[in-house]
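Only one structure is covered here, and it is reproduced in the block below.
Quick caveat, the model's predicted, so the values are computed rather than measured. We name chains A, B, ... by the order of the sequence lines, and we start the count at 1 in each one.
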2 protein chains.
Amino acid sequence: MKNPYHETILEFFSEHRRMPSYAEIARITGLNSKSSAYHAANRLIKEGWLVKDDAGKLIPGPRATGIRLLGSIAAGFPSPVEEELADVMTLDQLLIRNPQATFLLKVTGDSMVDEGIKHGDLVLVERTTDIKPGDIVVANIDGEWTIKYFRRRGKQVYLEPANKKYRTIVPREELRIDLVVKAVIRQY
Amino acid sequence: MKNPYHETILEFFSEHRRMPSYAEIARITGLNSKSSAYHAANRLIKEGWLVKDDAGKLIPGPRATGIRLLGSIAAGFPSPVEEELADVMTLDQLLIRNPQATFLLKVTGDSMVDEGIKHGDLVLVERTTDIKPGDIVVANIDGEWTIKYFRRRGKQVYLEPANKKYRTIVPREELRIDLVVKAVIRQY
DNA sequence: AGGGTAATCGAACGTTCGTTCGATGTCAAG
DNA sequence: CTTGACATCGAACGAACGTTCGATTACCCT
């Protein structure tokens, strides 16, 4: 019972992808009545952990949801405790525009190291037809999948690595590319 | 009505951070009865857009939710269409262990370029006391915030950049660090 | 020890929920 | 046109929901 209620409740949210009912709040927090859960939830609303939407349903509040996007490192740093937070969002909301066409790939090899994309990194890839020169793309060259810059000189398109050890690839035949890298994610 | 129901419903989810009730599904889809909404939802469940959890509540299904984590690029690539998906998760679930203590910072400067952390990148920072040598940390050195490797030689701790242009920092006085970099995110 | 504030409880309320049913409507194949 | 499969509808059910109330308990302050 050490755990404050908001942690228990938000844990439920991230596990179940929905908010618990008051009966469920009572169950998971150890409270013995719905009304205790109701009052506890109202306290959490006052504290900003939860909010009620237009329909009166509980949803995670500004203090709980997502990630706090703070200033830049060199520019200084809001006070660690109790930042009254400008922008709060989910990483998914931040990074993903078209969920149906987006997925994650693990990068193998070092052909893009000079771009800061290393072996083992994850790349967030979106399937799209809107590919512009300079984009980083995932392409199938002669049956092999690779990640490269998409370049164009005149009418000729080619794929350029971000690593001098590798050579630019000029496709022998027509090159169909529909996967563009929207983000790079590296975990430590 | 061009929009298939699952798009309307999942749109509701991402806007409201909860799934609609059947009455609400009827309203937003233009259906005139709860039971139509109920049957429509069941179809979507069969198609994988939605699922019901243990309590019978609707939650987004594997086809809708989060991101598909596929194989590595060099290792080949599951068929683009209709991958029967190993792992599906939210980016937040993937990256964030302790939501309360986690936030996002924008990196300024190039002191970590050799680690693949470039100017303008976002770093996912967690406040923790468990910092080990080799970790990438955000530290306050003489009033300035910087991002560096945390190193230790004997009893002496110091901060090392990942860029030969910069010098290692040996703190004059005691160094209190509680921000460790858990992930790097770069958007294109 | 005592007094006051806040948390918890159990019971009760009207409302909304998910679900089932049978009837009606739509559309394509035979 | 007839048949069958399927989507939609409106009404109905008990169960679960959010909320309120008054009584009880726990906790802090001096």
Less than 4.0 angstrom from a charged side-chain N to a carboxylate O is my criterion; do A/Arg151 and A/Glu160 meet it?
yes
From CG of A/Leu31 across to P of C/dA7 the rounded distance in Å is 12 Å
The test is side chain to side chain contact (heavy atoms under 4.5 Å, CB included); show your working for A/Tyr166 and A/Asp110 and say whether it passes.
CA-CA 9 Å; A/Tyr166 294 83; A/Asp110 59 350; 2.5 Å; yes
Run the side chain to side chain contact (heavy atoms under 4.5 Å, CB included) test on B/Tyr149 and B/Asp135 for me, step by step, so that the C-alpha distance in whole Å, both residues' side-chain angles and the decisive distance to 0.1 Å come before the verdict.
CA-CA 6 Å; B/Tyr149 290 115; B/Asp135 285 353; over 6 Å; no
When the axes are fitted on five pairs at both termini, how much does the helix from C/dG3-D/dC28 to C/dG30-D/dC1 curve, in 10° steps?
30°
A/Lys52 NZ to C/dT16 P: how many Å, rounded?
14 Å
Start with the C-alpha gap between A/Asp53 and B/Arg18, add the side-chain angles, then the distance that decides, and say whether salt bridge (charged side-chain N to carboxylate O under 4.0 Å, His left out) holds.
CA-CA 10 Å; A/Asp53 65 4; B/Arg18 67 175 175 86; 2.4 Å; yes
Without decimals, in angstroms, what is the distance between A/His39 NE2 and C/dT8 C1'?
8 Å
Mind checking if B/Ala40 touches a base, just sugar-phosphate, or nothing, with heavy atoms under 4.0 Å?
nothing
Starting from C1' on C/dA23, measure out to CG on B/Asn32 and report it in whole angstrom.
16 Å
Listed pairs, N/O of protein and of nucleotides 11-14 of chain D, under 3.5 Å:
none

By nearest-nucleotide position on DNA chain D, the 5'-leaning member of A/Tyr22 and B/Arg43 is B/Arg43
